[in-house]
Number of protein chains: 2
Amino acid sequence: MADDSLSLTFSALADPTRREILARLAQGEATVNELAEPFEMSLQAVSKHLKVLERAGLITRGRDAQWRPCRLETAPLEEIDRYRRRLEGRFARLDEELRRMGKNHE
Amino acid sequence: MADDSLSLTFSALADPTRREILARLAQGEATVNELAEPFEMSLQAVSKHLKVLERAGLITRGRDAQWRPCRLETAPLEEIDRYRRRLEGRFARLDEELRRMGKNHE
DNA sequence: CAGTTGATCAACCACTAAGTTGATTATAGA
DNA sequence: TCTATAATCAACTTAGTGGTTGATCAACTG
């Protein structure tokens with residue numbers, strides 16, 4: 001996979017398990033064990049998912065004794081939103097262009 | 001990879017080549033050859049990328065003789081935007097909650 | 001210190017993804 | 001009909017992902 005920040009973010013969000021983890025973190029900080037609890041998979045697997053989310057900047061991890069509390073970070077979400085708006089914006093201008101030319105682009 | 005629609009969309013967007021293709025399509029329809037032209041890779045590879053984008057609903061393909069003109073579709077972009085807003089919305093309410101409780105959550 | 005708990009590291013396996021080349025299909029045009 | 005062009009299909013290679021288990025590290029607790 002490419003390692004630019006948009007690719008990392010989109011790729012991190014492309015997994016349902018990771019999206020569930022983020023949904024949980026939107027309710028507040030949680031430890032690895034707490035995050036792993038709802039899933040069938042092993043703790044190690046969840047730990048790997050967290051590493052992916054962390055690399056994408058979607059979470060940060062603190063330290064509290066032997067716990068590593070995770071928290072959601074929204075900066076990458078803002079970045080994908082800017083990407084989307086840029087793309088849709090260009091497309092909208094095209095749409096307008098075609099309309100001005102009187103073409104039927106439907 | 002999971003085959004739910006959010007996963008398909010995020011996964012499709014996680015590749016820089018595919019994002020370049022979408023950027024090109026935001027300027028207007030294009031054929032496979034036209035889309036492949038800027039890239040070093042083979043035509044077949046680009047054709048595969050288009051299949052991924054099509055499966056995610058990010059493009060549709062028409063037919064014009066032997067050409068298969070591609071066009072951008074924005075519905076999946078709207079879906080990821082709704083996802084983002086939902087997630088950030090929940091997070092914002094948490095933020096508010098913590099503020100009401102007088103906690104320092106920074 | 002010994003034991004327990006939280007979490008990560010390491011090695012491995014099965015599957016998928018992204019690229020290649022070569023063959024094939026479909027249409028246009030001489 | 002024969003050839004050229006647009007695109008896809010098929011088979012294969014390589015590398016990466018998501019999961020497993022077992023070992024290890026780090027910190028609290030008796």
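Chain naming here is simple, since letters A, B, ... match the order of the sequence lines and numbering starts at 1 in each. Computation of the quantities below employed the complete heavy-atom set of this structure, encompassing side-chain atoms and omitting hydrogens, waters and symmetry-equivalent molecules. These figures come from a predicted structure and were not determined experimentally.
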**side-chain contact (heavy atoms from CB on, under 4.5 Å) assessment of B/Ile80 paired with A/Asp81** = CA-CA 9 Å; B/Ile80 67 168; A/Asp81 189 46; over 6 Å; no
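- Atom CG in B/Asn33 sits roughly 5 Å away from atom P in D/dA6 (whole-Å rounding).
- Atom CH2 of A/Trp67 and atom P of C/dT4 are 16 Å apart (whole Å).
- Taking only side-chain nitrogens and oxygens, B/Arg68 never comes nearer than 4.0 Å to OP1 or OP2 of C/dA26.
- A salt bridge is defined here as a Lys NZ or Arg NE, NH1 or NH2 lying under 4.0 Å from an Asp or Glu carboxylate O, and A/Glu78 with A/Arg82 fails to meet this definition.
- Between the CD1 atom of B/Ile59 and the C1' atom of D/dA7 there is a distance of 13 Å, rounded to whole Å.
- Between A/Ile21 atom CD1 and D/dG19 atom C1' the separation is 14 Å, expressed in whole Å.
- For B/Glu54 and D/dA7, the CD to C1' distance is 13 Å, given to the nearest whole Å.
- Using modelled atom types, no side-chain atom of A/Arg68 and backbone atom of A/Val32 make a donor-acceptor pair closer than 3.5 Å.
- Between C/dA18 and B/Arg18, a contact under 4.0 Å exists linking OP1 or OP2 to a side-chain N or O.
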**Prompt:** B/Glu88 and A/Thr74: side-chain contact (heavy atoms from CB on, under 4.5 Å), yes or no, with the steps?
**Reply:** CA-CA 7 Å; B/Glu88 288 195 335; A/Thr74 56; 3.6 Å; yes
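- When the side-chain nitrogen and oxygen atoms of B/Ser47 are compared with OP1 and OP2 of D/dT8, one or more of them lie within a distance under 4.0 Å.
- By the rule that hydrophobic residues join a cluster once side-chain heavy atoms approach within less than 4.5 Å of another member, B/Leu8 and B/Leu25 end up as members of separate clusters.
- Rounded to a whole Å, the CZ atom of B/Arg63 is 9 Å from the P atom of C/dA26.
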**Complete:** Its contact letters, B for base, S for sugar-phosphate only and - for none at protein heavy atoms under 4.0 Å, make nucleotides 19-25 of chain C read BBBB---
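- Here the C1' atom of nucleotide D/dT3 and the CD atom of B/Gln66 are 13 Å apart, to the nearest Å.
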Show every donor-acceptor pair shorter than 3.5 Å between a side-chain atom in residues 37-49 of chain B and any protein atom, with sequence neighbours excluded, or say none if there are none.
| unit_1 | atom_1 | unit_2 | atom_2 | d |
| --- | --- | --- | --- | --- |
| B/Ser42 | OG | B/Ala45 | N | 3.2 |
| B/His49 | ND1 | B/Arg18 | NH1 | 3.1 |

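- Between A/Asp4 and B/Arg19 there is a salt bridge, with a side-chain nitrogen of the basic residue lying less than 4.0 Å from a carboxylate oxygen of the acidic one.
- Rounded to a whole Å, the CE atom of A/Met1 is 14 Å from the C1' atom of C/dT16.
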